[in-house]
Amino acid sequence: MDDGANGGDEMKGKVAVIMFPGSNCEEETARACRAAGLSADILRWNTREDLSSYDGFVLPGGWSYEDRIRAGVIASKDSIMKTVKEESIKGKPVLGTCNGAQVLIETGMIPGVKDELQMALAANINPFISGYYCTWTSLSVCSTKCAFTSGMKDGDVMKVPIAHGEGRFTTKEDGLVKKLEESGQVVLKYCSSDGKISDEFPTNPNGSVNAIAGICNPEGNVLAMMPHPERAAWNRQVPGLEAKPFKEMSAPGPGSPMFSSMADYIEKEGKKWR
Amino acid sequence: MNNQVNKELIVGISQMSDDELKEYMKKNGISLSLDEIKLVPKKIGRDPTLTELHIFNTEWSEHCSYKSSRNLLKLLPTTGPTVIQGPKEDAGIIHLASVNGERYGVVMAHESHNHPSQVVPYEGAATGVGGIIRDVLCMGAKVVAIADSLRFGDPFGKFKNRCRYISNAVVDGIAGYGNPVGIPNLAGEIYFNSSFDDNCLVNVVSLGIVKESEIIHSEAPKGAEGYDIVIVGKATDNSGFGGAAFASLILDEEDSEQNKGAVQVPDPFLKNVLIRATQAVFDEVRKNKINVGFKDMGAGGIMCSSSELCDSGGYGADIDLDKVHTSMNIPPYVIACSETQERFTWIVPPEFTKRVLEIYNDEFELPNVAEGAKASVIGKVTKDKSYVMRHGGKVVCNAPVNEITSGIIYDREYKEPQKKFTEPDIPKTSDYRVAILKVLSHPDVASRMKVFKHYDTEVQGNAVIRPGEADAGVMAPIDGHPAGVALSTDSNPRYARIDPYWGAVTAVAEAMRNVAAVGATPYGMTDCLNYSNPEDPESFWTFRQGIKGLVDSASNLWLKGHKDTPVPFVSGNVSFYNYSATGKSVDPSAGIACVGILDDYGKAITMKIKKSGSGLYLLGERKDELGGSVFYEINGQLGANVPKVDFVKERGMIYSVIDMIGNGHALSCHDISDGGIASCVSEMILGGEADGKTGAEISMDAFGNGLRDDKALFSESTGFVLEIPKENETEAIKICKNNGVELVKIGKTGGSALKITKSGKTVADVPIDDLRKSWTTGLTEAMK
């Protein structure tokens, strides 16, 4: 079995996938964590579990609290996020994908230069389909200082899909994007399949500033990304890789290094908080 | 406790004159016929209460009772070696695979939501998706896919603005519901024509996965006397009251405001949480081996759901409507029959009730997720086979439960209409480049990506082939197991307009061809039958012809490896009255969804040409069958000669394609349908994403079959085109020969254009960029 249940002693750590009312990617996200050698529990927003016993956290995609007011904003005020933030200060990795990224932006944890809201994920600008857009994109790794790209190289290209209506990174703060680029906080950018970064549609699917797809905090342990690496964790999920033997189809896919980087990071840095 | 209905509630309908009766029904929104309402006292042994009248009004609607269709539906083949459960509950179940001795099934359901989508398109389509998801979930399954089959009015015709508004809003409604709930879209198709101007069709399919040992049934289990009846979900309101009856009426523009009230209000956010909470209840049911019954609340609301649950277990029910959580002050018959969305009914042993309430109300906090939502105990299962409802301390209903659920039945009259269809005399095409591009940009042919990319195709992480990449979508639903599920939906409205029998036959054959084209073996089907007025003999004749076509096609296209064994229908739906007050009927539409199974999804292939230098091969000779074709339509004609299916050859083709793909001989495959071989090969060049770079050259000398050039290129006779590399040619030809069909080489892949030759001369040479432009703009233009 390629993506079975939580394993035993050989696990590199224990992470919690936090589900809000309206999350819808919690199961496949937990599955991708497990495949990378982590044990993963799906916890509800109102859980009574002790979060400090976990080595890392993932906020999955979906429509937390129905995207009321603004995507991610209500979940960001949920008391569980206060605990996640406290745990992240210990150095524990926190990944937010899609709606999870929207939550992290709303908490101010991303970009996290100041302890306040500095960025937004705004409505897509897309000449083909307005509103919700689901497609496969290519991502270029622009920084490896992040816990989730630590096992990759600058310029690595991975095919990962997006699915959102509000994924355009933007800010009103002059010079912020430049500062993030310089400090290595811009971790992922949309690119062509051969790695050329472009601001133009369709390479940049949502009009995001500088084609940014993912931003981490200054310490590198918290990452907000709009694409879904858990939907590219196995080869079978990737379009175009068809008519291949099952063994090859069920092998780790282009999104899996993000989860294995997280596992390795926990293994290496875990002594900080254990 | 007193079970007698309170005398003052009884309506003396047997004392009323016909005129008084009509007046009374009109005043109270009862849509039964005079004969039908007079039947009610005979069924229950006295005059009814208003609540009882509303109950029979709902139960005897076409939507709930299938009163015009039930006798004919019996003719469909519904059993066979692939069937775990046929059509008796909300969804059927097909055998998928055995894993470690455990049998897994694909749960499959198919439903229409036509009238609501015409009146309030966004909400109508969204609630259609919501309803079909409930049908699959309530079998104890994990819901893993949805698909939709859409028919819209003419986007360039007299009502183009309304048609475009409806098509966009329906697509938004499907996305707006399916995406947040987190069910991936796996397949679907769209047709446009003026027969759908006043009645769009929105048919939805959903699939689920369940272990055979963990199926939950829609019936009160053995020994259920004294069990609790628990309803869960949204607070009951008056939305969708009369929805079932509304679905069985003709649409009249003048009633549009009133009709809007019969449409339910969707809440995908609540549904998302309800599904997850329900899965948690399933887990406890399984872990502790608790006997339960579970059913979706759809048409007929609490009344329909609870009466059917209890009756199918051989019990009655005693329900206190005051215990139903409601969000407004509504009369008892509205509480009983309203079709408020996002609700389910459980039958559980009393010792488990507390835990059920805890999971929904505390752990998943339903009351905080949506105002007034929760799980409530509303009554008990009784040994006595009567269906009792109480309200305000009074008994408002006490009727034999089997009289409520058994419905009524009609043998409708039928008469063949005297319609003549003729073949047109079309001038010879002077420029095939122009003709091909025109066909490719036709809204029925053009790339569907503008719609498909509005849907989440990736959520759950099981997609292998997405909508538009091939003739069928493919997914890998079992973690770590190679079994694949393919799904396709089909029905060509123009063929059925000319000939409702052959239209239905080809819908079945095409649905099977489509799953075969990815390498899957057709295992089972569902049908969603959209027809006009069953009370009109000519309309009813088209329905009978449709059923006959389905029966013949399914029975003759045998399950692969099982001689004389039909591919079964495991579930289905009938939607009548798809005509408007102006008398316009929709094209007869027997929508078919086919599930195919792959032993190894790794072997599945798409339609896109993979490399230069492969051979292109044809299965299925071209015939003078352009009746209802896209080519005739772009010439302003309908024609008469619709594609017919030679069952022996069709079987041979389907089996050959499955074997060739299963043995890895073919690199790509596409079924020939709308636009004929010309659009088939063009789409293979472009691929689903329209990013193809490898062209093709085909020779009419190989497939012309003595036909006029235009007919050979655009005939929609059944068939396939396959890309086969040279080294596999001999084996592939042998496979086809063994299946009694001929594999004909028609050309090769390569170049950067679609080149068509005849006797050494070029008939057309169309650069890929031109193909791309026409194919990718057609739908965008139609939905602007």
Side-chain angles (χ1 to χ4, degrees), chain A residues 1-5 19-29 31-32 42 44-47 61-68 126 128-136 161-165 193 205 228 230-250, chain B residues 142 172 175-176 179-183 185 267-270 272-273 276 362-365 368-370 449-466 469-470 474 476 479-482 518-519 600-606 608 610 661 664 666-668 687-689 780:
Chain A
M1 306 289 263
D2 58 350
D3 31 50
M19 172 187 158
F20 296 102
S23 298
N24 66 16
C25 305
E26 67 280 6
E27 282 192 27
E28 55 271 37
T29 303
R31 212 161 66 183
I42 297 170
R44 269 192 317 277
W45 65 97
N46 56 6
T47 181
W63 264 254
S64 62
Y65 293 98
E66 209 178 2
D67 280 0
R68 282 178 212 150
N126 175 330
F128 180 45
I129 292 177
S130 63
Y132 190 90
Y133 186 56
C134 174
T135 197
W136 278 75
I162 59 152
H164 58 248
S193 55
H228 286 268
E230 81 283 4
R231 298 179 180 189
W234 290 274
N235 278 338
R236 66 169 153 81
Q237 297 171 311
V238 184
L241 255 184
E242 53 193 288
K244 291 275 166 67
F246 175 64
K247 207 174 152 192
E248 202 172 317
M249 293 294 268
S250 49
Chain B
K142 178 173 167 55
D172 280 346
N179 296 349
V181 172
I183 314 292
N185 200 286
D267 187 345
F269 171 63
L270 171 58
N272 169 308
V273 181
R276 283 156 177 79
D362 302 333
E363 293 181 4
F364 283 84
E365 291 186 51
N368 293 332
V369 165
M449 280 306 166
K450 188 176 167 61
V451 169
F452 290 149
K453 286 187 184 264
H454 205 39
Y455 302 147
D456 195 343
T457 54
E458 311 296 324
V459 65
Q460 298 187 6
N462 294 327
V464 176
I465 293 179
R466 290 136 188 93
E469 278 192 276
V474 177
D479 278 355
H481 191 274
V518 297
D600 180 353
Y601 63 75
K603 290 182 174 169
I605 61 173
T606 64
K608 188 180 176 183
K610 300 299 177 309
I661 297 173
L667 297 177
S668 62
E689 291 280 340
T780 311

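First the proteins, then the strands, lettered A, B, ... as listed; each starts at 1.
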Report task. Might you work through the side chain to side chain contact (heavy atoms under 4.5 Å, CB included) test for Y132(A) and N179(B), ending with a clear yes or no? Result -> CA-CA 9 Å; Y132(A) 190 90; N179(B) 296 349; 3.1 Å; yes
Report task. Give the intermediate values and the outcome of side chain to side chain contact (heavy atoms under 4.5 Å, CB included) for residues E363(B) and N46(A). Result -> CA-CA 8 Å; E363(B) 293 181 4; N46(A) 56 6; 5.6 Å; no
Query - side chain to side chain contact (heavy atoms under 4.5 Å, CB included) between K142(B) and E27(A), worked out - result: CA-CA 12 Å; K142(B) 178 173 167 55; E27(A) 282 192 27; 3.7 Å; yes
Query raised in the report: What do the steps show when you test K610(B) against S668(B) for side chain to side chain contact (heavy atoms under 4.5 Å, CB included), and what is the final call?
Result: CA-CA 7 Å; K610(B) 300 299 177 309; S668(B) 62; 3.6 Å; yes
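Under the 3.5 Å distance criterion, with hydrogens and angles disregarded, a donor-acceptor pair is assigned to the side chains of E365(B) and W45(A). Side-chain polar atoms of K453(B) and T135(A) form a donor-acceptor pair below 3.5 angstrom.
Residue contact with chain B, scored on non-hydrogen atoms closer than 4.5 Å, is absent for T29(A). Only the backbone of D362(B) comes within contact range of chain A, judged by heavy atoms closer than 4.5 Å. For E66(A), the parts lying near chain B are the backbone and the side chain together; criterion is any non-hydrogen pair under 4.5 Å. Contacts between Y455(B) and chain A at a heavy-atom distance below 4.5 Å involve the backbone alone (N, CA, C, O). At a 4.5 Å heavy-atom cutoff, the contact between P161(A) and chain B is made by side-chain atoms alone. Contact annotation for S23(A): only backbone heavy atoms (N, CA, C, O) come within less than 4.5 Å of a heavy atom of chain B. Of the atoms belonging to A463(B), it is backbone heavy atoms, and not side-chain ones, that fall under 4.5 Å from chain A.
Options R231(A), E28(A), Q237(A) differ in how many heavy-atom pairs under 4.5 Å they form with chain B, and the most are formed by R231(A). Ranked by heavy-atom pairs under 4.5 Å with chain B, the first of R68(A), E230(A), H164(A) is R68(A). Counting heavy-atom pairs under 4.5 Å between each of D456(B), V451(B), D600(B) and chain A puts D456(B) at the top. The candidate from V464(B), V459(B), V273(B) with the greatest count of non-hydrogen atom pairs under 4.5 Å with chain A is V459(B). Comparing V369(B), V474(B), N462(B), D267(B) by heavy-atom pairs within less than 4.5 Å of chain A, the highest count is held by N462(B).
With ring centers used as reference points, W234(A) lies 6.0 Å or more from Y601(B).
Within the 3.5 Å criterion, the main-chain N or O of I129(A) finds no donor-acceptor partner in the side chain of K450(B).
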